Amino acid sequence: MQNRLVETFASEQPRAVRVLRYAGVFLAAAIVVAAVAVGSIVVWLRSYAPLDAATGSFAPGPGVGAVVEPAAGSGGKVVFFPAYRRGRTFVASLTLHNSGHFSVTVQRLVPAKPQPPPWIGADELLTTDSTSFQGLQRFQPFSLGAGATAVLVARFRPLCPAGRRRLPSVFTDELTLRYRYLHWFTRTQTISLPFAVTLRCVGGPLAQP
C-alpha cells in the first residue's frame with residue numbers, strides 16, 4: 001500500500017510541475033503585455049498634442065502695412081506685413097482650439113529666441129475683451145476644455161538692422177505654447193498659425209512662407 005502511494009505521488013509530481021511552469025509562462029507573458037500597454041499609454045500621453053489654430057477667426061492688429069491673401073507659394077496662408085518702426089511691436093488675434101479628449105491648462109507662451117536682424121518672432125501672449133484690440137491685458141493661465149476654443153492675441157517683435165541696404169524678408173507662422181493636462185503631464189507644443197507675419201526691412205522682397 002505504501003509503495004502504491006509513493007508511485008502515485010511520483011506520477012502526479014511532473015504534472016504539478018508542468019502546471020506551475022505553464023502558469024509561470026502565462027503570468028510572465030501577461031506582465032510583458034501589461035508593461036507594453038502601460039508604456040504605450042505613457043508615451044502617447046507624453047506626446048499628447050491637442051492644440052491647433054488652423055480653424056477659427058484671426059485678424060491683424062494696428063500697424064499692419066499690408067494684408068496679402070493666399071497666393072501661389074504661400075502655403076495657403078494670409079500674409080500680414082507690419083509697418084516697421086523701431087521699438088514698435090505688432091499684434092494679431094487667433095483662435096486656439098483644443099481638438100483633444102482632455103481639458104488642458106494653457107500656461108504660457110514660450111517666446112521665440114531672437115536672432116540677428118532681420119528677424120521677427122512672437123514674444124508675448126495677451127488677451128482682450130474687444131475685437132478692435134482695445135484694452136489688451138496680460139495673459140493669465142486658463143483652462144480649455146475638450147473641443148473648446150479661445151481667442152488669444154500674440155505679440156510679435158520685429159528687428160531690422162540699422163541702415164538702408166537691401167535685405168531678405170523674414171517671416172514667422174508659429175507659436176510655441178506650454179500647457180498641462182491630466183494634472184501630471186506638462187508639455188510644450190509648437191502650433192502652426194493660419195497666417196504668416198512677414199517683416200520687410202528696407203528694400204526687401206516679398207517672402208513666400
Side-chain angles (χ1 to χ4, degrees), residues 49-99 106 108-139 144 147-179 188-209:
L51 301 179
D52 68 78
T55 59
S57 61
F58 58 90
V64 65
V67 177
V68 178
E69 295 299 322
S74 70
K77 295 184 176 183
V78 172
V79 183
F80 300 149
F81 290 89
Y84 178 72
R85 297 289 186 276
R86 184 178 297 277
R88 182 180 296 179
T89 58
F90 173 74
V91 295
S93 66
L94 61 123
T95 303
L96 185 66
H97 175 228
N98 178 5
S99 61
V106 181
R108 63 184 178 90
L109 170 78
V110 179
K113 185 177 181 180
Q115 303 294 324
W119 176 85
I120 188 167
D123 69 349
E124 187 176 358
L125 280 182
L126 303 164
T127 59
T128 179
D129 297 328
S130 170
T131 56
S132 60
F133 294 91
Q134 297 297 317
L136 291 177
Q137 302 171 4
R138 282 187 172 276
F139 174 83
L144 190 63
T149 60
V151 176
L152 297 176
V153 175
R155 189 183 74 176
F156 299 87
R157 184 171 298 279
L159 296 176
C160 281
R164 301 183 62 83
R165 62 187 184 278
R166 184 177 177 84
L167 294 167
S169 296
V170 293
F171 74 94
T172 183
D173 62 352
E174 61 184 29
L175 296 177
T176 300
L177 301 176
R178 189 74 169 167
Y179 58 94
T188 299
Q189 180 187 346
T190 298
I191 62 172
S192 178
L193 298 173
F195 56 85
V197 182
T198 296
L199 173 64
R200 294 185 66 197
C201 295
V202 177
L206 291 177
Q208 297 293 334

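Values below: all heavy atoms of this structure, side chains included; hydrogens, waters and symmetry mates excluded. We count residues from 1, following the sequence as given. Keep in mind that what you see is a predicted model, and the values were worked out from it rather than measured.
Heavy-atom minimum distance, A49 versus Y179: CA-OH, 3.4 Å. In terms of heavy-atom proximity, P117 sits nearest to C160 at CB-C, 3.8 Å. Across every non-hydrogen atom of F90 and P60, the tightest pair is CZ-CB, 3.9 Å. A pairwise comparison of heavy atoms in S169 and T198 identifies CB-CG2, 4.1 Å as the closest pair.
Residues that satisfy the side chain to side chain donor-acceptor pair (under 3.5 Å) test with T188, not counting sequence neighbours, are R178. Shown here are the side-chain contact (heavy atoms from CB on, under 4.5 Å) partners of A154, two or more places apart in sequence or in another chain: L94, L125, F156, L175. Applying the side-chain contact (heavy atoms from CB on, under 4.5 Å) rule to S57 yields the partners T95; only residues at least two apart in sequence or on another chain are considered. Residues forming a side chain to side chain donor-acceptor pair (under 3.5 Å) with R155 (at least two apart in sequence, or on another chain): D123, E124.
Atoms CG and CZ, from L199 and F171 in turn, are 12.5 Å apart once rounded to the nearest 0.5 Å. The distance from atom CD1 of I120 to atom CZ of R200, rounded to the nearest 0.5 Å, is 13.5 Å. Taking OG from S99 and CG from L144, the interatomic distance works out to 10.0 Å, rounded to the nearest 0.5 Å. In this structure, L177 CG and L109 CG are separated by 6.0 Å, a value rounded to the nearest 0.5 Å. With rounding to the nearest 0.5 Å, the separation of CG in D52 from NE2 in H97 is 6.0 Å.
When atom types are taken as modelled, the side chain of T128 and the backbone of F133 share no donor-acceptor pair closer than 3.5 angstrom. Judged purely by atom type and a 3.5 angstrom limit, E174 has no side-chain atom pairing as donor or acceptor with the backbone of T172.
Under the 4.5 Å side-chain criterion, counting only non-hydrogen atoms from C-beta, F80 is in contact with V67. Between P62 and V91 there is a side-chain heavy-atom pair separated by less than 4.5 Å. At least one side-chain heavy atom of P161 sits under 4.5 Å from a side-chain heavy atom of L167.
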Donor-acceptor pairs are to be reported for all side-chain atoms of residues 190-197 against protein atoms at under 3.5 Å, with residues two or more places apart or in another chain.
| residue | atom | partner | partner atom | Å |
| --- | --- | --- | --- | --- |
| T190 | OG1 | T176 | OG1 | 2.9 |
| S192 | OG | K77 | NZ | 2.9 |

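Applying the side-chain hydrogen bond (donor to acceptor under 3.5 Å, both in side chains) test to residues at least two apart or on different chains, none of the pairs has a partner in residues 81-91.
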